[in-house]
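Heads up, the thing below is written out as structure tokens.
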2 protein chains.
Amino acid sequence: MNSAAAASIFPRMTWRKALPAANSVPAPVDIEEIRAHVPVVQRKLAAGQYLYRAGQSFNALYLVNVGFLKTCLVAEDGREQVTGFRMRGDLVGIESIGAATHDCDVVALETSGVWELPYPAILRACAHVPELQQRLTWALAAEIRSDRCWKLALGSFSAEQRVAAFLLDLASRHEALGFSPRHFVLRMGRADIGSFLALKHETVTRALTRLAAQGCIEVQWREIRILDAAALGAVICCEDRAA
Amino acid sequence: MNSAAAASIFPRMTWRKALPAANSVPAPVDIEEIRAHVPVVQRKLAAGQYLYRAGQSFNALYLVNVGFLKTCLVAEDGREQVTGFRMRGDLVGIESIGAATHDCDVVALETSGVWELPYPAILRACAHVPELQQRLTWALAAEIRSDRCWKLALGSFSAEQRVAAFLLDLASRHEALGFSPRHFVLRMGRADIGSFLALKHETVTRALTRLAAQGCIEVQWREIRILDAAALGAVICCEDRAA
DNA sequence: GACAATATGTAACGGTCTGTAACAGCAGGG
DNA sequence: CCCTGCTGTTACAGACCGTTACATATTGTC
């Protein structure tokens, strides 16, 4: 996703001004380009299946082809924190580069398919193809920027604002993939959204209800319809919204 | 800093078990190694002076030599979020790689000195020295892991636990640099700590007061003395602490 | 040394979010 | 069909933190 694309359908996405940078991975990764240099293995995952778990040794990166996954950081005392959601085009596992083992779980939230990119092969390819190396570096840096952006949001936004930002972010990412940004299905439960946004699942429910009551969105189970993106953005920016 | 070193002086640093991975940059960067390949410029900063500001074009990385700096993400509406504190050995600016401009401010909190590493030169050097490239990649990935770790903390810790974790993190980093981990000076104000931990400065004050009342620490202005690191760790892990 | 500006400490109050609980909708299995 | 389990919704009580206000301490400047 890049923010320019997002701006096209959400003309007055004022909330993006409230967050300094794009929220997702702006560095596009082309699977065909990689395939030219790296032996790529396909891998299918059923809903609920783990791509990998914390503690497993790190030996490959993954590029999501279809489906939807969540990444969870798991503490030894059992506390769990959803660190992000991954969809088509997103790289998974890059944060484990340089570490012996993964420190997070990656779970498919629906039937998903990923390309497995063995890391040693990636390394060799990067040595010969500087552009590939650069793409990887950019993806890492973009990930940092995205995380920081959310940290700003979690540090200064109310529950309602966080949920609104979350919905707009999902919408942009859907749009970047060619899907409708105004109508999509939440693949994750309220508890996962809450974990990602540092809220409880009841609070997420309440926020969604309030946003729906304000006419910004329509919620039916996990189906979301964005009725007024500008109003959603205004919720975040604390501007008084025109009815 | 690496967590192994931290464990040596904080024998029962149980809170590290509560956070999955090390909190700071585990990939050590050797200035001499870089200097062999890249023209390095020294730069001095007075307290309060900006190393760079959001919006300025990105054209160099910085390695902190002496001093203490904070990095702040600044939103267009003026909200500010401290994203981290940087001390000797830390790389500054890597999150802007691949972007045209910086999206955060970096401010010196005391008189500081940094090595300026022009990015084009870094790029050329990385092309010839794979190890350098790998160090950079590792630093980026470690930064992501560190950020995620703090996200877990902010998402599930109380105010008191966050402050305790913050102090222990600072202590480890001081120790990794050869300074005493039991006695150090906070270079930043309560407001900065609060911003980093998603708290208000009064709350930081209250937490410090409570921790001092429990006998974990001694606070005198910005001077911190850690009396009982194990108790501090226990505060985080929600275990009932032995008096 | 005196003053202003900034940073910090303390307290009371109120709001937001949390925790608990009860209930509704939906899926799977007997 | 009912039963069970899971997810989501709603209501209510309560804890924690933010807000406000003011007092005190420190720093910088004259």
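Heavy atoms only: backbone and side chains are in, while hydrogens, waters and symmetry mates are out. Everything quoted here is computed from the prediction, not taken from an experiment. Just so we're on the same page: letters track the sequence lines, and every chain starts at 1.
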Listed partners of A/S195 passing side-chain hydrogen bond (donor to acceptor under 3.5 Å, both in side chains), at least two apart: none

ring-ring contact (aromatic ring centres under 6.0 Å, His included) against B/H174, all qualifying residues, sequence neighbours excluded: B/F184

Residues forming a ring-ring contact (aromatic ring centres under 6.0 Å, His included) with A/F58, sequence neighbours excluded: A/H102, A/Y119

When the side chains of residues 105-116 of chain A are checked against the rest of the protein, which donor-acceptor pairs come out under 3.5 Å, sequence neighbours left out?
residue : atom : partner : partner atom : Å
A/D105  : OD1  : A/A54   : N            : 2.7
A/E110  : OE1  : A/R187  : NH1          : 3.2
A/S112  : OG   : A/F68   : N            : 3.1
A/S112  : OG   : A/E110  : O            : 2.7
A/E116  : OE1  : A/R43   : NH1          : 3.2

Contact interval (first through last nucleotide) of DNA chain C with protein chain B, 4.0 Å heavy-atom: C/dA7 to C/dA12

How would you list, by chain and number, every residue that makes a salt bridge (charged side-chain N to carboxylate O under 4.0 Å, His left out) with [X], sequence neighbours excluded?
{"X": "B/R162", "answer": "none"}
{"X": "A/K200", "answer": "none"}
{"X": "A/E202", "answer": "none"}
{"X": "A/E80", "answer": "none"}

Protein-to-nucleotide contact annotation, 5' to 3' order, nucleotides 22-30 of chain D [B base; S sugar-phosphate only; - none; under 4.0 Å, heavy atom]: ----S----

Inter-axis angle, terminal five-pair segments of the helix from C/dG1-D/dC30 to C/dG30-D/dC1 [nearest 10°]: 40°

DNA chain C contacts made by residues 195-209 of chain B, counting heavy atoms under 4.0 Å: B/E202, B/T205, B/R206, B/T209

